[in-house]
Structure formats: structure tokens, C-alpha cells
Amino acid sequence: MAVSIELTKEYGYVVLVLVAYAFLNFWMSFQVAKARRKYKVFYPTMYAIESENKDAKLFNCIQQRGHQNSLEVMPLFFAMLLLGGLRHPAVTAVLGALCTVARFFYFTGYATGDPRNRMKIGVRLSSLAGVGLIGCTASFGISLLVRETA
């Protein structure tokens, strides 16, 4: 049986959080481009090799883990944000905004060249908000299964 979903006004916040994450991703891409120039890691080279580049660790912290990890989690984040937001738009938007802020701190912490710096705020905040997003999405899924049909 088909389900009709009405998008509430508050769902607009969910969409704006997605846009904010997209802007964050663009900003991280620009940081990687700047690091490529600074550390002389030219395309098509994906990662710097320590035996060939004295700044390989610094570059790889920015590109490989800081930005690449954000790209790796982006599809799951977007899915949970958009689906969880259908049932709990305000809560999901707040949790999504926290995840986005956490990603910024994750990236800037990694970009210092010391991977432990990503843990200070980025990983902790992202994990907490991520669990909340999973809960919102699970709640939406359960509501579909237990809904009363006419």
C-alpha cells in the first residue's frame, strides 16, 4: 500500500542543513587544492608518498583523511538526514547541523597534521549526533511499519 507524505514547513530546515554540508564540502575541496599547491602534490597523484615528499603526512591528513573521510560518510549522512527528517524535521535538522559543525572540527583537527586533534570535538560530536540521526531514521521506518491502514 502506498504512503502519502506531507512535507512540513520545518522540513525546510532539513534541506538547509544538507545545503550547509554541501558548502562545507566545497570549502574542504578548496583547502585540499591549496594544500596541493603548498606541498607540491600535483594531479593525478591522489596521496603523497613520504619517501618522495617531506610534507606527505601533512598533505595526506588534509586530503586523505580530513576530506576523503567526509566524502565517505556523506551518502549515509544525507540518507539519514532526509529520511529521519520526514518524521522528526526539527530534531533531525539540529542533529544534522551538529554533524556538519563536527565535520568542520574533524577536518580542521586533522589538517593540523596530528590525527589526534580530530578527536577533540569532531569525532565526539559527530558520533553523538550520528546516533541521534540513526534514531530519527529508525523511528520513521518503524512508523511506516506500524501505521494503521484504512
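- The two atoms that bring Ile62 and Gln31 nearest to each other are CG2-O, 4.3 Å, heavy atoms only.
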For this session: Given side chain to side chain contact (heavy atoms under 4.5 Å, CB included), test Phe77 with Val17 step by step and report yes or no.
Result: CA-CA 11 Å; Phe77 171 67; Val17 168; 4.3 Å; yes
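- Between the side chain of Thr100 and the main chain of Gly96, a donor-acceptor pair closer than 3.5 Å is present.
- Interatomic distance, Phe59 CZ to Ile49 CD1, rounded to the nearest 0.5 Å: 11.5 Å.
- A distance of 10.0 Å separates CD1 in Ile121 from CZ in Phe104, rounded to the nearest 0.5 Å.
- The side chain to side chain contact (heavy atoms under 4.5 Å, CB included) search around Cys136 returns His88, Val91, Thr92, Leu95, not counting sequence neighbours.
- Between the side chain of Asn25 and the main chain of Leu71, no donor-acceptor pair closer than 3.5 Å is present.
- Two residues are said to be in side-chain contact when any heavy atoms from C-beta on lie closer than 4.5 Å; Met80 and Ile134 meet this criterion.
- The closest side-chain heavy-atom distance from Leu86 to Leu7 is below 4.5 Å.
- Checked by atom type and distance alone, the side chain of Arg87 never pairs as donor or acceptor with a backbone atom of Gly84 at under 3.5 Å.
- Between the side chain of Tyr106 and the backbone N or O of Ser126, no donor-acceptor pair lies under 3.5 Å.
- Here the shortest heavy-atom pairing between Tyr21 and Ser70 reads OH-O, 3.1 Å.
- Contact check for Asn69 versus Val73: side-chain heavy atoms found under the 4.5 Å cut-off.
- Remark: Tyr47 engages no residue in a ring pair (Phe, Tyr, Trp, His ring centres under 6.0 Å) (not counting sequence neighbours).
- Hydrophobic clustering (side-chain heavy atoms under 4.5 Å, transitive across Ile, Leu, Val, Met, Phe, Trp, Tyr) keeps Tyr13 apart from Tyr11.
- Taking 4.5 Å as the limit, every side-chain heavy atom of Phe42 sits out of range of all side-chain heavy atoms of Arg36.
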Exercise. Can Cys99 and Leu133 be said to form a side chain to side chain contact (heavy atoms under 4.5 Å, CB included), step by step?
Worked result: CA-CA 9 Å; Cys99 278; Leu133 284 173; 3.8 Å; yes
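- The heavy-atom pair separating Met28 from Gly66 by the smallest distance is SD-O, 4.1 Å.
- Here the side chains of Met46 and Gln68 are in contact, with some heavy-atom distance below 4.5 Å.
- Closest approach of Val14 to Gly85, counting heavy atoms only: CG2-CA, 4.0 Å.
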